[in-house]
*Asks:* 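Before I ask anything, here is the structure I am working with.
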Amino acid sequence: MRSVSATPASPGQDRATPMGSFSVSLACGAGALAASAALVASAGSVGQALELFVVFAVLACLEAVAYVEAIRPWLDGASVPPGGRLAQLALVVLAFATFVGGPAMGAVGLCGFAAGVFVPNTSSIRYRRVNRSLVVEGETRPVAGKSPDAAAPAAPAAPADRPARARAAPKVGRVLRAAVNEERDRWLAWAAATFAVTVGCAAARTSGSVVLGVDFLGVAALVWVTRRALAARLALGDFEEARTEPRRGFVALVRDPHLPGTRPLLGVWSKEPVPVGGQLPRAEAVYRCDAARDALFSTRGAVVVHQAWVGAPSGSRPRWVVADAGIALPRHRALLGPHRLDSVIGTERPARARTLSMPAPNPTTEAETGMFVTVISEPTSGTGPWARLFAWRLAALALAGAVLAWLR
């Protein structure tokens, strides 16, 4: 099994870890080892004790190998490979399958799985922290033969000294209207699909429980889409009536490598985040954003901070965020957002924030005149052909109805 620390230290591998994670991981690993030892010692015979020990050792070794193989690319900035995820899922199933041999066998299997996770994780956290200290020390160490002042890099220019790029200013009203149209199309697609499947079930003379199950799923989807549609409509109305005065802030939009396929993370700071001690300050708030608006995206290892206008009523999430590069639409506050974002970009050393040259968005000044230059964050209205939205929702509800009829 390759070690977590088999590669030399590099800035890309000094990922941040939450406070107390090393102690928690160490305690859980030690607890798993102690519990397994107690179970082996309490066995009724030598043969049973040997069986328990073998199950523990096999699961612990397999999980340790799978964990290390999965975390190594993660330390290098990549996401966990699909093979690593499948291996973890298979080992979880195997750990619970040991309960077939009895409660003691199942408990030892879970202890072996936990030891295979937490013991290597303790080593990984230790390696990341040592790596970070080495990277920070290398960045601050004076060059041989030069004074510390001469070795220090020149301070970057202040944001006001950087020229703004000439380009069309993103239009908030256009994007919010597109978002309203998208949510309207989704609502209509779900309503039409629910009605069509309900009529189909009635025509096929299926049982009432199947129809109720399909209707329940359709109505639940409609409630969810209605919530989003109302939020989009509220954001558009708030902007068009200029009820909220936008404020300046600093934002960074990145994908979440821990949960691929989820909405990207938007970190918001009231002051420009400047690395201190080799680490960015923690974001004041983190939100999940619409993945279709990707003009502000940056990747791990090349995080870009934008100065932006933030349209947020007092005490509420931002309804929109606009910078010179484009627009982001926050959807909801991310669960454990500051900790999650800190683990992704906490050790970045980005350049100074890209300055904001556009005036505060206002509905009266966004009237389109002349030729409009479309940017990536401003798609056309709607999400595509309505028939496609309707088709896959119809197929999903029809499949659900078929499964319910088969189970009945």
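Just so it is clear, the structure is predicted and the values come from calculations on it, not from any experiment.
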*Asks:* Rounded to the nearest 0.5 Å, what separation is found between the CD atom of Gln307 and the CE atom of Met358?
*Replies:* 11.5 Å

*Asks:* I need the Phe118 CZ to Ser25 OG distance, nearest 0.5 Å.
*Replies:*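 Answer rounded to 0.5 Å: 6.0 Å.
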
*Asks:* Would you mind reporting whether Leu52 and Val54 have side-chain heavy atoms less than 4.5 Å apart?
*Replies:*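 No, too far: nothing below the 4.5 Å cut-off.
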
*Asks:* Determine, for Trp224 and Arg227, whether the Lys NZ or Arg CZ falls below 6.0 Å from the six-membered ring centre while staying within 45 degrees of the axis.
*Replies:*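 Yes; both conditions hold, so Arg227 lies above the ring face of Trp224.
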
*Asks:* Stepwise, does the side-chain contact (heavy atoms from CB on, under 4.5 Å) test hold for Trp309 with Val321?
*Replies:* CA-CA 6 Å; Trp309 290 108; Val321 171; over 6 Å; no

*Asks:* Ring of Phe239, cation from Arg319 - is the NZ or CZ under 6.0 Å from the centre and inside 45° of the axis?
*Replies:* no

*Asks:* Any donor and acceptor pair, going by atom type alone, linking the side chain of Trp269 with main-chain N or O of Pro281 inside 3.5 Å?
*Replies:* yes

*Asks:* Do NZ/NE/NH1/NH2 and the carboxylate oxygens of Arg331 and Glu183 come within less than 4.0 Å?
*Replies:*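 Result for this pair is yes, salt bridge flagged.
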
*Asks:* Looking at every heavy atom in both Ala114 and Ala32, which two are closest together, and how far apart are they?
*Replies:*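 That closest heavy-atom pairing would be CB-CB, 4.0 Å.
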
*Asks:* Taking Ser298 for its side chain and Val304 for its backbone only, find out whether a donor-acceptor pair lies under 3.5 Å.
*Replies:* yes

*Asks:* Asp324 side chain to Ser357 main-chain N or O, any donor-acceptor pair under 3.5 Å?
*Replies:* yes

*Asks:* Under the criterion side-chain hydrogen bond (donor to acceptor under 3.5 Å, both in side chains), I'd like the reasoning laid out for Asp215 against Thr198: C-alpha separation, chi angles, the key distance, then a yes or no.
*Replies:* CA-CA 7 Å; Asp215 287 344; Thr198 301; 2.5 Å; yes

*Asks:* Salt bridge check: are Glu182 and Arg177 linked by an N-O gap of less than 4.0 Å?
*Replies:*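 Answer for the salt bridge query: no.
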
*Asks:* Does a sphere of radius 6.0 Å around CZ in Arg393 hold more than 12 heavy atoms from other residues, nucleotides or ligands, not counting ones at 6.0 Å or beyond?
*Replies:*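 Count over threshold, so yes.
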
*Asks:* Can you check whether Tyr287's main-chain N or O pairs, donor with acceptor, with Arg317's side chain at less than 3.5 Å?
*Replies:* no

*Asks:* Are any of the side-chain heavy atoms of Val108 and Met105 separated by less than 4.5 Å?
*Replies:* no

